[in-house]
Amino acid sequence: MVASGGIADGRQMAACLAMGAEGINMGTRFMLTREAPVHAAVKARLVGAGERDTNLILRTMKNTSRVFKNAVSDEVVAMEKAGAAFEDIRHLVAGARGRNAMRTGEVDNGIVSAGMVIGLIDDIPTCAELIERIVRECREALAAAGAMAA
């Protein structure tokens, strides 16, 4: 079993392993690494964001997604509250528009997937640095938990 969602550091990895997971999946966290093919302006906005800077969209359509709170996602939420059908918001949530925002750095021009975990992310390391840090933090957390149990 792989734990996924809301994981950004080694303490959370340790908690997942302690609950029986064999590994973790970190989407938003790896999106904010140097190697990720995401414009620097998007990365900077997400690193500066908090856990409340996300929206849930497509809830009324039974296809909920958590995304970065920006002009487009705010518009989608407002339209859904007003009873919009998918055809009414399709142009806002189309993947091409979000990909363009990620490529150009114009974060307010498309949907940008991001979890609440953005509130825990404050840097943009390399993938290697991130993995080394998370493994180190995980080991430290597991060792501390073992010492407390002894």
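FYI, the numbering just counts along the sequence from 1.
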Listed pairs under 3.5 Å, donor-acceptor, residues 92-101 side chains, sequence neighbours left out:
{"from": "Arg97", "atom 1": "NE", "to": "Asn109", "atom 2": "O", "distance (Å)": "2.7"}
{"from": "Arg99", "atom 1": "NH1", "to": "Gly95", "atom 2": "O", "distance (Å)": "3.4"}
{"from": "Asn100", "atom 1": "OD1", "to": "Arg103", "atom 2": "NH2", "distance (Å)": "2.4"}

* Asked: Who else is in the cluster with Leu56 when I, L, V, M, F, W and Y are joined by side-chain contacts under 4.5 Å?
  -> none
Throw together a table of side-chain donor-acceptor distances under 3.5 angstrom for residues 45-53, partners on residues two or more places apart or in other chains.
{"from": "Arg45", "atom 1": "NH1", "to": "Asp108", "atom 2": "OD2", "distance (Å)": "3.3"}
{"from": "Asp53", "atom 1": "OD2", "to": "Gly50", "atom 2": "N", "distance (Å)": "2.6"}

* Structure fact -> Residues pairing under side chain to side chain donor-acceptor pair (under 3.5 Å) where one sits in residues 28-37, two or more places apart or in two chains, turn out to be Arg29-Asp123
* To do: May I ask whether Met102 and Ile118 are part of the same hydrophobic cluster, defined by side-chain heavy atoms of I, L, V, M, F, W, Y residues being less than 4.5 angstrom apart, directly or through others?
  => yes
* Asked: Sequence neighbours excluded, which residues qualify as side chain to side chain contact (heavy atoms under 4.5 Å, CB included) partners of Ala41?
  -> His39
* With sequence neighbours left out, write down each residue that passes side chain to side chain donor-acceptor pair (under 3.5 Å) with Lys43, or none if nothing qualifies. => none
* Which hydrophobic side chains are connected to Met19, either touching it within the sub-4.5 Å cutoff or through other members that do? -> none
Could you pull out all donor-acceptor pairs under 3.5 Å where a side-chain atom in residues 58-67 meets a protein atom, sequence neighbours excluded?
{"from": "Thr60", "atom 1": "OG1", "to": "Glu80", "atom 2": "OE1", "distance (Å)": "2.6"}
{"from": "Arg66", "atom 1": "NH1", "to": "Thr54", "atom 2": "OG1", "distance (Å)": "2.9"}

* To do: Please identify each residue that fulfils salt bridge (charged side-chain N to carboxylate O under 4.0 Å, His left out) with Glu137, with sequence neighbours left out.
  => none
* May I have all residue pairs that pass side chain to side chain donor-acceptor pair (under 3.5 Å) and include part of residues 13-27, sequence neighbours excluded? => Ser4-Asn25
* **Qualifying residues under side chain to side chain contact (heavy atoms under 4.5 Å, CB included), relative to Ala14, sequence neighbours excluded** => Cys138, Ala141, Leu142
* Pairs touching residues 1-14 that satisfy salt bridge (charged side-chain N to carboxylate O under 4.0 Å, His left out), sequence neighbours left out -> Asp9-Arg11
